[in-house]
Amino acid sequence: MTRSILVLNGPNLNLLGTREPATYGHETLADIEALCRRTAAEHGLEVEFRQTNHEGELIDWIHQARGRHAGILINPAAWTHTSVAIRDALAAVELPVIEVHLSNVHKRESFRHHSFVSPIAVGVLAGFGSHGYRLAIEHFAHLLKD
């Protein structure tokens with residue numbers, strides 16, 4: 001079995017570190033990628049880390065994950081609340097999915113309280129900042145223990 005996790009990041013996350021730091025923190029997406037790679041290596045896992053502002057591209061990456069990765073860690077960002085297409089793609093590839101959000105979406109605007117991804121996810125981490133990514137990868141390591 002593959003020991004690789006696909007880490008996907010949705011729109012505007014390329015602006016981390018400068019975009020609304022009071023909400024999203026001062027870490028950059030590169031910082032989060034480094035954290036994911038270190039955490040994965042600690043558990044004998046590999047990470048493929050990607051970000052896009054284009055919904056179709058994200059869906060293509062999800063489709064390509066089948067047979068290549070053991071699971072998907074996704075921060076769908078704004079698409080969390082709007083994209084049935086991403087939800088359907090995640091369900092179609094039949095891989096475990098963990099949804100991560102840097103901020104606590106339930107303390108924010110009401111439109112952020114609904115997720116199309118959560119009902120098909122193994123778990124959801126919200127409000128832990130970048131530490132949520134670490135926790136998700138550690139959970140994948142637990143799921144993949146032989």
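The basis for the numbers below is simple: all heavy atoms, side chains too, and nothing from hydrogens, waters or symmetry mates.
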message: Could you tell me if the side chain of Asn75 sits less than 4.5 Å from the side chain of Leu13, heavy atoms only?
response: yes
- request: Determine whether more than 12 heavy atoms belonging to other residues, nucleotides or ligands lie under 6.0 Å from atom CD of Glu46.
  value: no
message: Between Val7 and Arg50, is there a side-chain heavy-atom distance shorter than 4.5 Å?
response: no
field: Pairwise side-chain contact, Leu29 with Phe49, heavy-atom cut-off 4.5 Å (strictly under)
entry: yes
message: Any salt bridge linking Glu48 with Arg68? Criterion: basic side-chain nitrogen under 4.0 Å from a carboxylate oxygen.
response: yes
message: Less than 4.5 Å apart, side chain to side chain, heavy atoms only: is that true for Trp79 and Val117?
response: no
query: Linking Ile, Leu, Val, Met, Phe, Trp and Tyr through side-chain heavy atoms less than 4.5 Å apart, which residues share a cluster with Phe116?
result: Val84
- prompt: Taking only residues two or more places apart in sequence or in another chain, which ones pass side chain to side chain donor-acceptor pair (under 3.5 Å) with Glu55?
  reply: Ser83
Note, Arg134 side chain near Glu42 side chain (heavy atom, < 4.5 Å): yes
query: Would you say the side-chain atoms of Glu99 and Ser115 include a donor-acceptor pair closer than 3.5 Å?
result: yes
- prompt: Are Leu16 and Asp31 close enough that some pair of their side-chain heavy atoms sits under 4.5 Å apart?
  reply: no
query: If you measure from the Lys or Arg side-chain nitrogens to the Asp or Glu carboxylate oxygens, is any gap between Arg38 and Glu33 under 4.0 Å?
result: no
Pairing residues for Arg87 by the salt bridge (Lys or Arg N to Asp or Glu O under 4.0 Å) criterion, not counting sequence neighbours: none
message: Any non-hydrogen side-chain atom of Ile72 less than 4.5 Å from a side-chain atom of Ile5?
response: no
